[in-house]
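Pasting a structure here, questions to come.
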Amino acid sequence: MPTVTPRRKLPTWLKVTLGAFAALFTLAAIFGASPDNPATPAAATTPAVPTYTVTNVIDGERVYLRDSTGVPKTVRAAGIDAPTTTYCWGPETANWATTFLAGKQVTIRALDQGMETMAALTLPDGTDYSTEALKRGYAKYAPGVTDGTYATALQTAENTARAANTGLWGAPCLGTIDAPTPSPATTLPATTTVTPPKPPTSPTTPPAPTTPASTQDSAPVAVYFKNCAEAKAAGAAPLHRGDPGYRPQLDRDHDGTACE
C-alpha cells in the first residue's frame with residue numbers, strides 16, 4: 001500500500017490574518033458603493049474672502065489698508081473720480097471719507113491690477129463705498145474698469161446727486177473738481193445817500209393888486225361919436241367917463257359926463 005502523507009495544518013496567525021481580510025471584504029461588499037451609483041465627491045470648500053482694515057484715508061479716492069497679517073496695501077476706489085484736497089470740494093470729501101472709512105473693516109474686489117490696485121470696497125453691512133460717495137456728492141462717476149450692473153448702479157448714484165445739487169454739484173463747485181474753490185464774490189456795503197435838508201421856506205408875499213390904468217384921458221377907439229347928436233342918435237348919451245365913445249371933447253364942462 002502506498003504511504004499517505006498527513007496534511008499540514010495552517011498556523012494560527014495565518015488563519016487569523018486570512019479571517020480578518022475575509023471580514024473586510026465582506027463589509028466592503030455590503031456597505032460599499034455599487035458601480036452604478038458611484039459615491040459623490042465632497043464639495044470644494046470656498047476660500048474665505050480676506051478682510052482688510054482701513055488704516056488711513058489719503059483723499060476721497062485712495063486709502064491705505066492692512067490685512068490680518070499686517071501686510072499693507074494701497075487701493076484706489078473703483079468707478080469714481082474724487083477731488084484732491086487742493087481742489088473744489090476736496091477738503092469736504094477727505095473729511096467725509098475719513099469719517100466713513102477710517103478704522104473700518106472692508107473687503108475688496110480688485111478690478112484692475114495696474115500701478116495701483118483699483119477695487120470695489122465693501123463694508124461689513126454690504127455698503128459699497130464708491131456708490132455711497134457718488135450718492136452723497138463727494139465724487140464723480142469715472143467709467144472704465146466698471147461694467148454691467150455695477151457701472152449702472154454707480155451712474156444712477158451720480159445722477160441722483162446731480163439732480164439734487166448735492167455736494168460738489170452745488171455751489172460753489174457746480175460739478176467742477178479740477179480747479180481750486182472759487183473765491184466768493186465781494187459784496188460791497190450798501191451806500192446810503194444823505195439828502196441835505198431843505199432851507200426854510202420864507203413866507204410868500206402875495207403880489208400887490210394891479211391897479212388898472214386910468215382911462216380919464218383916453219377913450220375907446222372901437223366906438224366913436226363925432227358929436228353928441230350921433231351919441232344921442234345911437235342911444236348912448238349921456239356918456240360917462242370910461243364908457244365906450246366918451247371923449248373929453250364931448251364933455252364941455254369936464255364933469256365926467258358928456259352929452260347930458
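We number each residue from 1, following the sequence as shown. As the structure is a computational prediction, the values presented were derived from the model and not from experiment. For the numbers below, each heavy atom of this structure counts, side chains included, while hydrogens, waters and symmetry mates do not.
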Can you give me the closest heavy-atom contact between A231 and C259, atom names plus distance? CB-SG, 4.3 Å

Would you say C88 and P182 make side-chain contact, with heavy atoms under 4.5 Å? yes

In terms of the angle between their ring planes, are Y129 and F100 parallel, tilted or perpendicular, with boundaries placed at 30° and 60°? tilted

Side-chain heavy-atom pair E116, R62 within 4.5 angstrom cut-off: yes

State, to 0.1 Å, how close E61 and A82 come at their nearest heavy-atom pair, and which atoms those are. OE1-N, 3.1 Å

Exam field: side chain S130 to backbone A77, donor-acceptor pair closer than 3.5 Å: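 No.
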
Which atom names give the shortest non-hydrogen contact between P124 and Q105, and what distance separates them? CD-O, 2.9 Å

Can you find a heavy atom in the side chain of V106 that is under 4.5 Å from one in the side chain of L65? yes

Given 3.5 Å as the limit, does a donor-acceptor pair link the side chain of K140 with the main chain of G175, or not?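 At least one qualifying donor-acceptor pair exists.
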
Near Y150 OH, under 6.0 Å, is it more than 12 heavy atoms from other residues, nucleotides or ligands?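 Atom OH in Y150 is packed in, count exceeds 12.
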
Determine yes or no for a side-chain-to-main-chain donor-acceptor pair under 3.5 angstrom, with N95 supplying the side chain and E92 the backbone.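 Not at all, since once roles are kept as given, no pair shorter than 3.5 Å links the two residues.
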
Side chain of T166, backbone of R162: donor and acceptor closer than 3.5 Å? no

Is it true that a side-chain atom of T93 and a backbone atom of W89 form a donor plus acceptor pair closer than 3.5 Å?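 Yes; judged by distance alone, with no hydrogens or angles, the pair exists.
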
Quick one, P180 and Y87 - any side-chain contact, counting heavy atoms below 4.5 Å? yes

Stepwise, does the side chain to side chain contact (heavy atoms under 4.5 Å, CB included) test hold for T146 with L111? CA-CA 7 Å; T146 58; L111 301 178; 4.1 Å; yes

State the CG-OG1 distance between L168 and T181, to the nearest 0.5 angstrom. 11.0 Å

Is there a side chain to side chain contact (heavy atoms under 4.5 Å, CB included) between L121 and R109 once you walk through the steps? CA-CA 7 Å; L121 305 174; R109 179 169 61 91; over 6 Å; no

I'd like to check Y224 versus R247 (side-chain heavy atoms, cut-off strictly below 4.5 Å). Are they in contact? yes

Worked verdict on I80 versus L134 for side chain to side chain contact (heavy atoms under 4.5 Å, CB included): CA-CA 7 Å; I80 63 173; L134 290 169; 3.7 Å; yes

In terms of hydrophobic clustering (I, L, V, M, F, W, Y; side-chain heavy atoms under 4.5 Å; direct or indirect links), are L123 and Y138 co-clustered? yes

Could you report the tightest heavy-atom contact between P83 and D59, atom names first, then the distance?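 Looks like O-CB, 4.5 Å.
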
hydrophobic_cluster_shared for W169 and L154, side chain cutoff 4.5 Å: yes

Show your reasoning for whether side chain to side chain contact (heavy atoms under 4.5 Å, CB included) applies to I108 and Y52. CA-CA 8 Å; I108 65 173; Y52 297 84; 3.8 Å; yes

Distance from K135 atom NZ to E132 atom CD, nearest 0.5 Å?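 Between K135 NZ and E132 CD, I get 4.5 Å after rounding to 0.5 Å.
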
Hydrogens and angles aside, do D81 and Y141 bring a side-chain donor and acceptor to less than 3.5 Å of each other?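 Distance-only check fails for D81 and Y141.
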
Report the distance from atom CG of L101 to atom OG1 of T53, rounding to the nearest 0.5 Å. 12.0 Å

Quick check against the 3.5 Å criterion: does T152 have a side-chain atom that pairs as donor or acceptor with the backbone of G148?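 Flag set: sc T152 to bb G148 pair under 3.5 Å.
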
Answer yes if M118 and Y64 sit in the same cluster of Ile, Leu, Val, Met, Phe, Trp and Tyr residues linked by side chain heavy atoms under 4.5 Å apart, and no otherwise. no

Would you mind reporting whether T257 and P238 have side-chain heavy atoms less than 4.5 Å apart?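 Touching, per the 4.5 Å side-chain cut-off.
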
